[in-house]
Amino acid sequence: MGQDTNLEKTRARYGLVAVVGSNVAITAVAIFGVWQLDGDRAVIVGVLSSAFTAMASLTTAYLGIKAVSNTAQSMSRDAGQHQPARPALEDEAVPADGGLGAEPPGTAGIPSPTTPTTAP
C-alpha cells in the first residue's frame, strides 16, 4: 500500500508541475505577443482572453481529473474494508416477521398481478 501512495504522490507532483509549467509558458507567450502588437487594443484583448481561457481550461481539467481519481481511490479503499453480507444457509430458519420472500408490511390484502389472457 505504501508503494501505491508514493506512486500517487509522484503522479500528483509531476501533474502539478506540468500544469504550472504550461501556465507559465502560456503567460510568457501572451506577454511576448502583447509586447509585439504595439498597442492594438482589439488584438491585445483577444490574445489575453485566449491565454486566460487556455490556462483556466488546463488547470480545471487537471483539478477535475485529480478529484475524480481521489474519489475513485477512496471508494475502492472503502470497498475493501467492508465484508460482503453472508447469504442465509438453506437450513437456517427465516424469521416470520420479514425474512427472504416475506411480504412487505401492509400488502397482505393486495392481490398479485396476473398475466392477461386472450379470449377464445
Contacts under 3.5 angstrom, residues 61-68 side chains, donor-acceptor by atom type, not counting sequence neighbours:
unit_1 : atom_1 : unit_2 : atom_2 : d
Y62    : OH     : A12    : O      : 3.0
K66    : NZ     : N70    : OD1    : 3.4

With ring-ring contact (aromatic ring centres under 6.0 Å, His included) as the rule and sequence neighbours excluded, what pairs involving residues 30-50 come up?
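As it turns out, the ring-ring contact (aromatic ring centres under 6.0 Å, His included) pairs with a partner in residues 30-50, which skip direct neighbours, are F32-W35.
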List for me each residue that meets side-chain hydrogen bond (donor to acceptor under 3.5 Å, both in side chains) alongside Q73, sequence neighbours excluded, and say none if there are none.
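side-chain hydrogen bond (donor to acceptor under 3.5 Å, both in side chains) check on Q73 returns E8.
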Between side-chain atoms of residues 42-58 and protein atoms elsewhere (two or more places apart, or another chain), which donor-acceptor pairs fall under 3.5 Å?
unit_1 : atom_1 : unit_2 : atom_2 : d
S49    : OG     : V45    : O      : 2.7
S50    : OG     : G46    : O      : 2.9
T53    : OG1    : S49    : O      : 2.8
S57    : OG     : T53    : O      : 2.9

Suppose clustering is done on Ile, Leu, Val, Met, Phe, Trp and Tyr with side-chain heavy atoms closer than 4.5 Å. Which residues sit in the same group as V29?
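Cluster partners of V29: none, it stands alone.
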Which residue pairs satisfy the side chain to side chain donor-acceptor pair (under 3.5 Å) criterion with at least one member in residues 13-29, sequence neighbours excluded?
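Matches after skipping sequence neighbours: N23-T59.
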